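Accompanying notes for the structure given below.
It should be emphasised that the depicted structure is a prediction, and the values quoted were computed from it without experimental measurement. The first residue in the sequence is number 1, and the count goes up from there.
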Amino acid sequence: TWTTQTAPANTKTLFDIYCTDANNCTAVGRDGVILLTGNGGTVWISRPSGTALILQDAHFPAVSTGYAVGEAGLVRKSDGENWSNPVTGNGGASAKDLSGVFFTSATSGYAIGADGTIIQTSDGGANWTAMTSGTTNTLRAIYFTDATHGWAIGANGTLLRYGDLLAPSAPTNVQRT
């Protein structure tokens with residue numbers, strides 16, 4: 001069953017939620033809103049993000065390390081409680097709106113967004129480097145299965161894969177009873 005929970009007063013539209021476990025979740029959204037719960041959503045608290053820009057996506061590779069991305073290339077980093085801007089913008093790698101972020105470790109991550117933007121960091125967000133995506137379509141979501149294999153998807157049916165192609169696995173017989 002779905003249960004309505006109460007956001008702090010004046011909370012704007014929320015765009016993403018990321019939970020590191022059943023109790024610890026972070027939600028991000030319009031006007032730079034960041035909400036945290038440490039008790040499974042019984043109480044949500046607002047945390048200052050230092051921006052009024054839209055935050056589109058959040059990802060936590062660990063309970064005490066998180067990232068949020070949004071409009072105009074905005075990247076924010078969290079220690080689990082407080083949020084900061086690890087660099088001005090994202091080090092100039094992109095001024096495009098960012099809509100997705102995924103970290104494969106506490107230091108290695110990727111962000112995606114408008115016009116096929118993909119940026120990468122290997123130092124926890126202190127520096128970002130632009131990558132070639134091969135598309136000008138807006139990318140909306142990103143996911144990695146491990147440190148070297150990932151997917152990005154977006155507008156107009158865009159499907160991008162990162163990493164070497166995996167050898168196909170042998171077919172498996174499935175018996176239904």
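Looking at every heavy atom in both residues, S99 comes nearest to G113 through OG-CA, 3.6 Å. Counting all heavy atoms, side chain and backbone alike, I142 lies closest to G100 at CG2-C, 4.0 Å. For the residue pair I34 and S49, the shortest heavy atom distance occurs at CD1-CB, 3.5 Å. The nearest pair of heavy atoms linking G80 to F60 is CA-CE2, 4.4 Å. The shortest heavy-atom contact between A106 and T65 is O-CG2, 4.1 Å. In this structure, L53 and A72 approach most closely via the heavy-atom pair CD1-CB, 4.3 Å.
Side-chain contact between T138 and N156 is absent, with no heavy atoms from C-beta onward closer than 4.5 Å. L160 places none of its side-chain heavy atoms less than 4.5 Å from the side chain of I153. Side-chain contact between Q120 and S108 is present, with at least one heavy-atom pair separated by less than 4.5 Å.
A continuous path of hydrophobic side-chain contacts links L55 to W83 [ILVMFWY only; heavy atoms under 4.5 Å]. Clustering ILVMFWY residues whenever any of their side-chain heavy atoms sit less than 4.5 angstrom apart, transitively, puts Y143 in the very cluster that holds I112.
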List the atom pairs, donor and acceptor, that lie under 3.5 Å between side-chain atoms in residues 9-18 and the rest of the protein, sequence neighbours left out.
from : atom 1 : to  : atom 2 : distance (Å)
T11  : OG1    : P8  : O      : 2.6
D16  : OD2    : A58 : N      : 3.0

Can you list, pair by pair, the side-chain donor-acceptor contacts under 3.5 Å of residues 20-32, counting residues two or more places apart and other chains?
from : atom 1 : to  : atom 2 : distance (Å)
D21  : OD1    : N23 : N      : 2.8
D21  : OD1    : N24 : N      : 2.8
D21  : OD1    : N24 : ND2    : 3.1
D21  : OD2    : N24 : ND2    : 3.1

- What do the steps show when you test T51 against L74 for side chain to side chain contact (heavy atoms under 4.5 Å, CB included), and what is the final call? CA-CA 9 Å; T51 186; L74 181 69; 3.5 Å; yes
- What do the steps show when you test T37 against N39 for side-chain hydrogen bond (donor to acceptor under 3.5 Å, both in side chains), and what is the final call? CA-CA 6 Å; T37 185; N39 56 20; 2.8 Å; yes
- Message: With side chain to side chain contact (heavy atoms under 4.5 Å, CB included) as the criterion, how do I118 and L139 come out once you've worked through the C-alpha distance, each side chain's angles and the decisive distance to 0.1 Å?
- Response: CA-CA 8 Å; I118 301 177; L139 300 173; 3.6 Å; yes
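If you chain together ILVMFWY residues whose side-chain heavy atoms come under 4.5 Å of each other, V63 ends up in a group of its own.
Annotation: salt bridge (charged side-chain N to carboxylate O under 4.0 Å, His left out) contacts involving residues 130-158, sequence neighbours excluded, are absent. Applying the salt bridge (charged side-chain N to carboxylate O under 4.0 Å, His left out) test to every pair with at least one member in residues 37-60, sequence neighbours left out, gives no pairs at all.
In this structure, the side chain to side chain donor-acceptor pair (under 3.5 Å) partners of T121, at least two apart in sequence or on a different chain, are D123.
For F144, the CZ atom counts as densely surrounded, since its 6.0 Å shell holds more than 12 non-hydrogen atoms of other residues, nucleotides or ligands.
Between H59 and Y67, the ring center distance fails the sub-6.0 Å criterion.
In this structure a side-chain-to-backbone donor-acceptor pair under 3.5 Å is missing from E71 to D97. Under a 3.5 Å cut-off, the side chain of D79 and the backbone N or O of E81 do form a donor-acceptor pair.
Taking the six-membered ring where the residue is Trp, W128 and F103 present perpendicular rings, their angle passing 60° and hence far from 30°.
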